[in-house]
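All values derive from a computational prediction rather than experimental measurement. For the numbers below, each heavy atom of this structure counts, side chains included, while hydrogens, waters and symmetry mates do not.
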Amino acid sequence: MLIKPASDIAPSNITDKTLYLNRRQFMQGAGALALAASGLHSEAAAAPRLAARRSPLSVAGAANTRDEITGYNNFYEFGTDKADPAANAGRLVTRPWAVQIDGEVLKPRTFDIDELLKLAPLEERIYRLRCVEGWSMVIPWIGYSLSEVLKRVEPTGKAKYVEFTTLRRPEQMIGQRGAVLDWPYVEGLRIDEAMHPLTLVTLGLYGELLPNQNGAPVRIAVPWKYGFKSAKSIVRIRLVEKPPVSSWMRANPSEYGFYSNVNPQVDHPRWSQASERRIGEFFKRKTLMFNGYADQVASMYTGMDLRKYF
Ligand SMILES: Nc1nc2c(c(=O)[nH]1)N[C@H]1C(S)=C(S)[C@@H](COP(=O)(O)O)O[C@H]1N2
Ligand SMILES: [Mo]
């Protein structure tokens, strides 16, 4: 039995659960397909489905399972253990929700989450995510390019950078009661990075609205950078003239730079970045330059010393 790589899957099949069979299910072959069709995944199927067309910007190959993606998370607002977000994020109230967009724009405005869900056609983008800690996943996100949002607020000529801010609500985000990071969580991109078609406003995964532990109701996904650049549960996008200071740069400027492009040749001061472990796999894989997206993004960094601008 053969399961086609993602790039060969017909658009009519996009929401079909069988697309997401992981390696283990793949080994089980037809048995797994029958299981998927039999309604045993009914817990997931009960959630509202998001209709999304498959994007050519997706990577081929098997995605991680929904359990892996929703059970092994970094979301320090809910604790620092990988299981904490799944255990604690259920308390976060994600409606009503709005994202304020301001700064160097001609038309500052606030988008309600329901507006964001309808702002542009939803696409399924299967992206690699590489955490700076040395693990990775393949995740079927749902959303659309951040450029769709940014063009509607009309950035001025002074908008050189974009700053993302996560919600600060310690009543519901129990990790914010401690000072692990300087809350709220802040991240940033250069304007060309933010406008790059790969940079995703993420509203769902696996055909459903985002689970809280993955950054509900809206987060960013920047697949060629270490995972921490992809801020979760954002409430503000500010266009600015100067490079934003991210939470991680503030916490440890010698370890976390502004760019944080995935780069197997530039080690973290305390560990190598040459390889990674894909969650669900035993053997390590070689980490790819720009996390495998070099063809699409390398030109944004020509002439830059990537050791200096790490
Ligand atoms: N607000 C916020 N965003 C965050 C984080 C966080 O702690 N808080 N962790 C980052 C890190 S380190 C990673 S690897 C990814 C993990 O995303 P995932 O849990 O959806 O896989 O989220 C990033 N976004
Ligand atoms: Mo991470």
Side-chain angles (χ1 to χ4, degrees), residues 73-78 85 89 92 94 97-105 108-113 115-116 119-120 125 127 129 131-132 139 141 143-153 155-156 158-169 173 175-176 180-205 210 212-251 256-262 297 300:
N73 302 96
N74 271 336
F75 199 168
Y76 278 17
E77 283 83 343
F78 296 103
L92 179 67
T94 59
W97 194 280
V99 180
Q100 175 189 346
I101 310 190
D102 60 354
E104 288 297 340
V105 294
R109 54 176 283 204
T110 295
F111 291 88
D112 185 80
I113 188 64
E115 277 177 89
L116 287 177
L119 187 100
R125 302 266 188 101
Y127 280 176
L129 176 138
C131 178
V132 74
I139 306 181
W141 299 121
Y144 45 75
S145 298
L146 175 63
S147 63
E148 291 286 346
V149 181
L150 295 182
K151 71 186 184 195
R152 284 169 171 81
V153 296
T156 72
K158 283 183 176 174
K160 306 283 191 230
Y161 295 89
V162 182
E163 178 191 78
F164 305 94
T165 307
T166 294
L167 178 72
R168 187 182 167 278
R169 193 185 282 166
M173 297 175 130
Q176 288 182 339
V180 210
L181 284 173
D182 200 4
W183 311 112
Y185 194 98
V186 170
E187 259 308 336
L189 295 173
R190 217 169 55 187
I191 188 77
D192 57 333
E193 298 174 326
M195 293 297 287
H196 192 284
L198 279 171
T199 300
L200 193 71
V201 169
T202 310
L203 298 153
L205 70 81
L210 274 184
N212 285 2
Q213 59 267 43
N214 294 89
V218 53
R219 58 95 58 86
I220 301 298
V222 193
W224 71 96
K225 293 179 181 277
Y226 292 116
F228 64 86
K229 297 299 285 182
S230 298
K232 295 176 167 182
S233 304
I234 58 167
V235 291
R236 188 176 186 192
I237 299 175
R238 194 161 66 106
L239 288 93
V240 291
E241 209 177 344
K242 302 266 153 56
V245 178
S246 71
S247 297
W248 287 105
M249 290 164 71
R250 200 180 289 276
Y256 304 104
F258 176 77
Y259 284 94
S260 295
N261 291 316
V262 173
V297 303
M300 288 193 286

Pair Trp183, Glu77 - check side-chain contact (heavy atoms from CB on, under 4.5 Å), show working. CA-CA 9 Å; Trp183 311 112; Glu77 283 83 343; 3.5 Å; yes
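- Between Leu189 and Val222, the closest side-chain pair of non-hydrogen atoms falls below 4.5 Å.
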Give the C-alpha distance, both sets of side-chain angles, the deciding distance and a yes or no for side-chain contact (heavy atoms from CB on, under 4.5 Å) between Trp141 and Leu129. CA-CA 11 Å; Trp141 299 121; Leu129 176 138; 4.3 Å; yes
Can you check side-chain contact (heavy atoms from CB on, under 4.5 Å) on Ile113 and Thr94, steps first, answer last? CA-CA 9 Å; Ile113 188 64; Thr94 59; over 6 Å; no
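- For the pair Leu203 and Leu116, the tightest heavy-atom approach, listed with the atom from each and the gap, is CD1-O, 3.8 Å.
- Using modelled atom types, no side-chain atom of Thr110 and backbone atom of Ala98 make a donor-acceptor pair closer than 3.5 Å.
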Sequence neighbours left out, cut at 3.5 Å: what donor-acceptor pairs do the side chains of residues 241-248 make with other protein atoms?
from, atom 1, to, atom 2, distance (Å)
Ser246, OG, Met249, N, 3.1
Ser247, OG, Val186, N, 2.8
Trp248, NE1, Tyr185, OH, 3.0

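- The backbone N or O of Val240 lies less than 3.5 Å from no partner atom in the side chain of Lys158, so there is not a single donor-acceptor pair.
- In this structure the side chain of Val235 never reaches within 4.5 angstrom of the side chain of Gln100, judged on heavy atoms.
- In terms of the ring-ring contact (aromatic ring centres under 6.0 Å, His included) criterion, Phe164 has no residue partners (sequence neighbours excluded).
- Ser147 OG to Asp192 CG: the interatomic distance, rounded to the nearest 0.5 Å, is 12.5 Å.
- When the side-chain hydrogen bond (donor to acceptor under 3.5 Å, both in side chains) test is applied to Trp224, the partners found at least two apart in sequence or on another chain are Asn261, Tyr301.
- Looking at heavy atoms from C-beta onward, Thr156 lies out of side-chain contact with Leu239 at the 4.5 angstrom threshold.
- Taken from OG1 in Thr199 to CD in Glu148, the straight-line distance is 13.0 Å, to the nearest 0.5 Å.
- Looking at residues two or more places apart in sequence or on another chain, you find no side-chain hydrogen bond (donor to acceptor under 3.5 Å, both in side chains) involving Lys160.
- Here Tyr76 contributes atom OH and Lys232 contributes atom NZ; the two are 11.0 Å apart, rounded to the nearest 0.5 Å.
- Using a 4.5 Å cut-off on side-chain heavy atoms (C-beta onward), Ile220 and Glu187 make no contact.
- Taking every heavy atom of both residues into account, Arg152 and Leu119 meet most closely at NH2-O, 3.2 Å.
- Atom CZ of Arg236 sits about 11.0 Å away from atom CD1 of Ile101, to the nearest 0.5 Å.
- Within the 4.5 Å cutoff, the side chain of Asn214 has no heavy atoms near those of the Phe75 side chain.
- A search for salt bridge (Lys or Arg N to Asp or Glu O under 4.0 Å) contacts involving Arg169 returns nothing, not counting sequence neighbours.
- Between Arg238 and Asp102, none of the side-chain N atoms (NZ, or NE/NH1/NH2) sits under 4.0 Å from a carboxylate O, so this pair counts as no salt bridge.
- Note: Tyr226 and Phe228 have parallel aromatic rings, judged against thresholds of 30 and 60 degrees for the angle between ring planes.
- Qualifying salt bridge (Lys or Arg N to Asp or Glu O under 4.0 Å) partners for Arg109, counting only residues two or more places apart in sequence or in other chains: Glu115.
- Side-chain contact check for Val218 versus Val201: some heavy-atom pair is nearer than 4.5 Å.
- Nearest heavy-atom pair across Val99 and Ile234 is CG2-O, 3.5 Å.
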Chi angles and distances behind the side-chain contact (heavy atoms from CB on, under 4.5 Å) call for Leu167, Leu92: CA-CA 10 Å; Leu167 178 72; Leu92 179 67; 3.6 Å; yes
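- Residues Thr202 and Ala221 approach most closely at OG1-CB, 3.4 Å, considering heavy atoms.
- Using a 4.5 Å heavy-atom threshold, the side chains of Asn74 and Cys131 count as touching.
- Applying the salt bridge (Lys or Arg N to Asp or Glu O under 4.0 Å) test to residues at least two apart or on different chains, the pairs with a partner in residues 219-228 are Glu193-Lys225.
- Of the possible polar contacts, one joining the Ser233 side chain to the Ala216 backbone as a donor-acceptor pair under 3.5 Å is found.
- In terms of heavy atoms, Gly175 sits closest to Val180 at O-CG2, 4.1 Å.
- For Ser145, the side-chain hydrogen bond (donor to acceptor under 3.5 Å, both in side chains) partners at least two apart in sequence or on another chain are Arg125.
- With sequence neighbours excluded, the residues satisfying side-chain hydrogen bond (donor to acceptor under 3.5 Å, both in side chains) with Tyr259 are Arg190.
- With sequence neighbours left out, Glu104 forms a salt bridge (Lys or Arg N to Asp or Glu O under 4.0 Å) with no residue at all.
- Partners of Phe258 under the ring-ring contact (aromatic ring centres under 6.0 Å, His included) rule, at least two apart in sequence or in another chain, are Tyr161.
- Qualifying salt bridge (Lys or Arg N to Asp or Glu O under 4.0 Å) partners for Asp112, counting only residues two or more places apart in sequence or in other chains: none.
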